[in-house]
Amino acid sequence: QAQLVESGGGTVQPGDSLRLSCVVSGGIGRIYALAWFREAPGKERALVAAIAWNGSKTFYPDSVKGRFTISRDNAQRTGYLQMTGLQPEDTAVYYCAAARFSWAIRKTDYHYWGQGTQVTVSS
C-alpha cells in the first residue's frame, strides 16, 4: 500500500508561481506513473499533469499547458508540480496520485491518492 503526502499549497496573487511536492512511500514498487489532479468547488476532480515512471513522457490539458510543469525525482520518491502564471480559475484542492502503470492519464487508473493541498489564487 502506497502513501502520498502533498505539500506546498497556499494563497497567492494572480500571476504568481507555486511549487507543489508529493512524497511517495510504502509498497508501490519502482514503476509507477504520477499525476496531479485538482478539484474546485462544484466541479469534478480533473487531471492537470501526468508523468511516466521514468519521466520520458508528460501530459497536460490545454487549460494548463505552458504554465504547469510536472517532474519527478525517483531517487527521492518525490513528484513536483511547478505552476506559473496562476489565475483565480486555478483555485482548487490539488491532489497527487500514483498508478501501478508505467504511464497513465485516466483518473480510474490512479488508485493511490494524497490528502490534497489547497491552492488559492486571489487578489
Side-chain angles (χ1 to χ4, degrees):
Q1 191 77 3
Q3 292 82 43
L4 285 72
V5 178
E6 305 99 333
S7 61
T11 299
V12 298
Q13 294 188 336
D16 284 353
S17 299
L18 207 57
R19 189 176 84 154
L20 306 182
S21 299
C22 171
V23 177
V24 182
S25 62
I28 192 173
R30 189 172 61 89
I31 296 178
Y32 55 92
L34 277 179
W36 290 90
F37 292 77
R38 68 185 180 189
E39 187 172 334
K43 295 188 177 181
E44 285 193 12
R45 192 172 298 189
L47 177 71
V48 294
I51 187 168
W53 76 281
N54 59 357
S56 63
K57 189 162 36 176
T58 58
F59 172 83
Y60 306 93
D62 288 344
S63 58
V64 305
K65 195 175 294 183
R67 299 189 300 123
F68 289 12
T69 303
I70 189 172
S71 61
R72 63 190 294 166
D73 181 340
N74 285 343
Q76 299 296 322
R77 302 197 84 189
T78 302
Y80 303 97
L81 183 68
Q82 178 69 48
M83 304 183 291
T84 63
L86 285 163
Q87 299 300 319
E89 53 266 33
D90 295 315
T91 295
V93 178
Y94 284 71
Y95 296 90
C96 177
R100 284 186 178 272
F101 302 107
S102 60
W103 169 247
I105 60 170
R106 297 183 306 179
K107 186 166 57 179
T108 52
D109 287 334
Y110 286 85
H111 296 114
Y112 303 104
W113 295 83
Q115 80 288 352
T117 185
Q118 177 71 45
V119 172
T120 302
V121 186
S122 173
S123 55

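Everything numeric in this text was worked out from a predicted model, so none of it was measured.
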At their closest point, which heavy atom of [X] faces which heavy atom of [Y], and how far apart are they?
X: Glu6; Y: Tyr95; value: OE2-CA, 3.3 Å
X: Gly9; Y: Leu20; value: N-CD2, 3.6 Å
X: Gly85; Y: Asp90; value: O-OD2, 4.2 Å
X: Gln87; Y: Gly15; value: NE2-N, 4.0 Å
X: Trp53; Y: Arg30; value: CZ3-NH1, 3.3 Å
X: Ala49; Y: Pro61; value: N-CD, 4.5 Å

Is there a donor-acceptor pair closer than 3.5 Å between any side-chain N or O of Thr58 and the backbone N or O of Ala50?
->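 Absent.
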Is the side chain of Thr91 donor-acceptor paired with the backbone N or O of Val121 at a distance under 3.5 Å, no angle test?
->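 Here the side-chain-to-backbone pair exists.
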Hydrophobic clustering (ILVMFWY, side-chain heavy atoms < 4.5 Å, transitive) - are [Y] and [X] grouped together?
X: Val48; Y: Val12; answer: yes
X: Leu4; Y: Leu47; answer: no
X: Ile105; Y: Val64; answer: no
X: Leu34; Y: Val23; answer: no

Trp113 and Arg45: CA distance, side-chain angles, deciding distance, side-chain contact (heavy atoms from CB on, under 4.5 Å) verdict | CA-CA 12 Å; Trp113 295 83; Arg45 192 172 298 189; 3.3 Å; yes
Distance, nearest 0.5 Å, that separates [atom1] of [X] from [atom2] of [Y]:
X: Ser56; Y: Trp103; atom1: OG; atom2: CH2; result: 8.0 Å
X: Leu18; Y: Thr117; atom1: CG; atom2: OG1; result: 8.0 Å
X: Leu86; Y: Thr11; atom1: CG; atom2: OG1; result: 11.5 Å
X: Asp73; Y: Tyr80; atom1: CG; atom2: OH; result: 5.5 Å
X: Ile28; Y: Gln1; atom1: CD1; atom2: CD; result: 9.5 Å

Flag yes if more than 12 heavy atoms outside Glu89 fall under 6.0 Å of its CD atom; otherwise flag no.
->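 Result for CD/Glu89: enclosed.
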Might you work through the side-chain contact (heavy atoms from CB on, under 4.5 Å) test for Arg72 and Asn74, ending with a clear yes or no?
-> CA-CA 6 Å; Arg72 63 190 294 166; Asn74 285 343; 2.7 Å; yes
Kindly determine whether Arg38 and Ser63 satisfy side-chain contact (heavy atoms from CB on, under 4.5 Å), including the steps that lead there.
-> CA-CA 12 Å; Arg38 68 185 180 189; Ser63 58; 4.0 Å; yes
How far apart are the C-alpha atoms of Tyr110 and Phe37, what are their side-chain angles, what is the distance that settles it, and do they pass the side-chain contact (heavy atoms from CB on, under 4.5 Å) test?
-> CA-CA 10 Å; Tyr110 286 85; Phe37 292 77; 4.0 Å; yes
Would you say that [X] contacts [Y] through its side chain, given a criterion of any heavy-atom pair below 4.5 Å between the two side chains?
X: Phe59; Y: Ile70; result: no
X: Val119; Y: Met83; result: yes
X: Tyr112; Y: Val24; result: no

Return yes if a side-chain donor-acceptor contact under 3.5 Å exists between Thr120 and Gln118, otherwise no.
->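 There is such a pair (donor and acceptor under 3.5 Å, judged by atom type) between the side chains of Thr120 and Gln118.
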